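Here's the structure, in structure tokens; my notes come after.
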Amino acid sequence: MSQTLHFAPATDDAIPLHLIAPAGVDAVLAKLGAPQQAWARHHGFAGALAEVCALPGEDGRPSAILIGTGTAQDRLRKRFAIGAAIAALPDATYALAAPLDGAEGEEIALGYLLSLYRFDRYRPQSRPKARLVAPRGVDCARLERIAAAEALTRDLINTPAEDMGPDALEAAARDLAAQFGAEITVTEGEALLASNFPLIHTVGRAAARAPRLIDLRWGKGGRKLTLVGKGVCFDTGGLNLKPGASMGLMKKDMGGAATVLGLAQMIMAEGLELSLRVLIPAVENAVAGNSFRPGDIFTARNGKTVEINNTDAEGRLVLADALALANEDPADLTISMATLTGAARVALGADLAPFFTDDEGFASTLTQSATRVADPVWRLPFHAPYESMIEPGIADLDNAPSGGMAGAITAALFLRRFVPDVPKYAHFDIYGWSPSNAPARPKGGVGMGARAIFQALIDGTAP
């Protein structure tokens, strides 16, 4: 289902692209012939971000294309804009006149690749016709692998629940395992109870498609990394039924699972020296006579009891059992990713991926890596004084504390209770959705945080 997003092979007739900052416009124009210089000035080319000026050639084709790179502040405000501008050029093959360099160059090249993405499973979509020759100065093969993994994440999130239930999510994981020679086991339905995954079973038992735990393993040596992704393929809210407006995007509630599968593809395609494990509790939170109820108390895999005060806080329940399993074989670094709380969106919006960790070194590395690869993250605290908010008294834990305050933090604190023995734990409360069209990020499913984590792994400082 995922798409191949790639650069074009080199060709002698590629139209040259000149990337020009506002401060460099006069110097570049001075090197052009008089007619071209006059044309650019007549059209007011000033090097603004993603500004395009095609210089006419004698045969009617452009002799060159000028694209503005804007100021540093422009780039921070609108990442991927230059790559998207290249992808939007008319049907032709283009080649950058100068090598790209560093993080900014990678952003431009990756922005072009991601701009090629279209979700066309249900309707043909017009694709960009501009073809960019693999730029010099950046690792184009790696960028193509990253783009392919991001396409997988987007495809999985964009697919509606009718075609992306727990069984289809399992199939996607199996396809990925087969592609890279990974091992995969799945515990499904009533076998979840026999294998002591009671919370995964509880949340998914009312759905027609059986709940399951997907366990993928790859690699034999190096550092150990465990990724845990929330795979709630649709969330009605359960008996605490969501209103229609809140249910409209719930096909994306498996965005955590989609993102860890995309990250796993990056890792395996890159061949990083890691022992990778991916755990995905895949369920639907449906409504039926056997739905779990507010006020019920269940015992999780690790023996902790959980009082259900809202059946719409189901994601932390399925993650709890998966994290408890991860805790039994601690990795050097354990990461959970989930579309978990509205509170995280209220705090940081749709574009920033909040993360929680107690490890200062990992937090610093991740933040630097996120900046380098234009995949923004922001650290929120595991604020210990709020621990009492998730302790209801009648049970060990409360899945939905009353009061409506610090919802993202209390959810993260809840999850942390299930990984007491892992040396490094980070939790990402992602949105997984672009609410409107943006450069290289069309409206719809989108990966968040995966490229930042991947870069941190490449740098060799995490875990």
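All values reported here derive from a predicted model rather than from experimental measurement.
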Open item on the list: Under the criterion salt bridge (Lys or Arg N to Asp or Glu O under 4.0 Å), I'd like the reasoning laid out for K230 against E314: C-alpha separation, chi angles, the key distance, then a yes or no.
Closed with: CA-CA 10 Å; K230 174 186 170 185; E314 84 300 327; 3.6 Å; yes
Task: Derivation of the salt bridge (Lys or Arg N to Asp or Glu O under 4.0 Å) call for D459 and R372 - done: CA-CA 11 Å; D459 291 342; R372 172 177 170 76; 5.5 Å; no
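Closest approach of V287 and G238 over heavy atoms only: CG2-O, 3.4 Å. Closest approach of S336 to H427, counting heavy atoms only: OG-ND1, 3.0 Å. Minimum heavy-atom separation, S115 to A84: OG-CA, 3.3 Å. The two residues K251 and A161 make their nearest non-hydrogen contact at CB-N, 4.1 Å. Minimum heavy-atom separation, R131 to Y112: CA-OH, 3.4 Å.
For F414 and F418, the ring centers sit closer than 6.0 Å to each other.
Side-chain contact of T339 with D253: a donor-acceptor pair under 3.5 Å is present, judged by distance alone. Y122 and T159 share no donor-acceptor pair across their side chains, judged by distance under 3.5 Å alone.
Distance CD1/I335 to NZ/K424: 10.0 Å, rounded to 0.5 Å. Here the CG atom belonging to L5 is positioned 12.0 Å from the CD1 atom belonging to I146, to the nearest 0.5 angstrom. Interatomic distance, OG1 of T259 versus CE of M448, reported as 8.5 Å (0.5 Å rounding).
Taking a 6.0 Å sphere around CD of E104, one finds it holds 12 or fewer heavy atoms contributed by other residues, nucleotides or ligands. Counted within 6.0 Å of CD on Q179, heavy atoms from surrounding residues, nucleotides or ligands total more than 12; the atom is thus considered enclosed. More than 12 heavy atoms of other residues, nucleotides or ligands shown are found within 6.0 angstrom of CG on D139. Within a 6.0 Å radius of OH in Y386, other residues, nucleotides and ligands contribute 12 heavy atoms or fewer.
At a threshold of 4.5 Å between non-hydrogen side-chain atoms, the residues R223 and L276 do not count as touching. The side-chain heavy atoms of I20 and I67, taken from C-beta on, include no pair separated by under 4.5 Å. Residues L17 and L132 are in side-chain contact: their nearest non-hydrogen atoms beyond the backbone lie under 4.5 Å apart.
A cation-pi contact, defined as under 6.0 Å to the ring centre and within 45° of the axis, is absent between K443 and F119.
Ring pair F356/F382 is tilted by interplanar angle, where 30° to 60° counts as tilted.
In this structure, T236 contributes its side chain and N285 its backbone to a donor-acceptor pair below 3.5 Å.
A salt bridge is absent between E106 and R142: the closest approach of a Lys/Arg side-chain nitrogen to an acidic carboxylate oxygen does not fall below 4.0 angstrom. A salt bridge links K242 and D312; the closest N-O separation between the charged side-chain nitrogens and carboxylate oxygens is under 4.0 Å.
For residues 342-360, the set of pairs meeting the salt bridge (Lys or Arg N to Asp or Glu O under 4.0 Å) definition, not counting sequence neighbours, comprises R79-D351, R345-D429, D351-R441, D358-R416, E360-R379.
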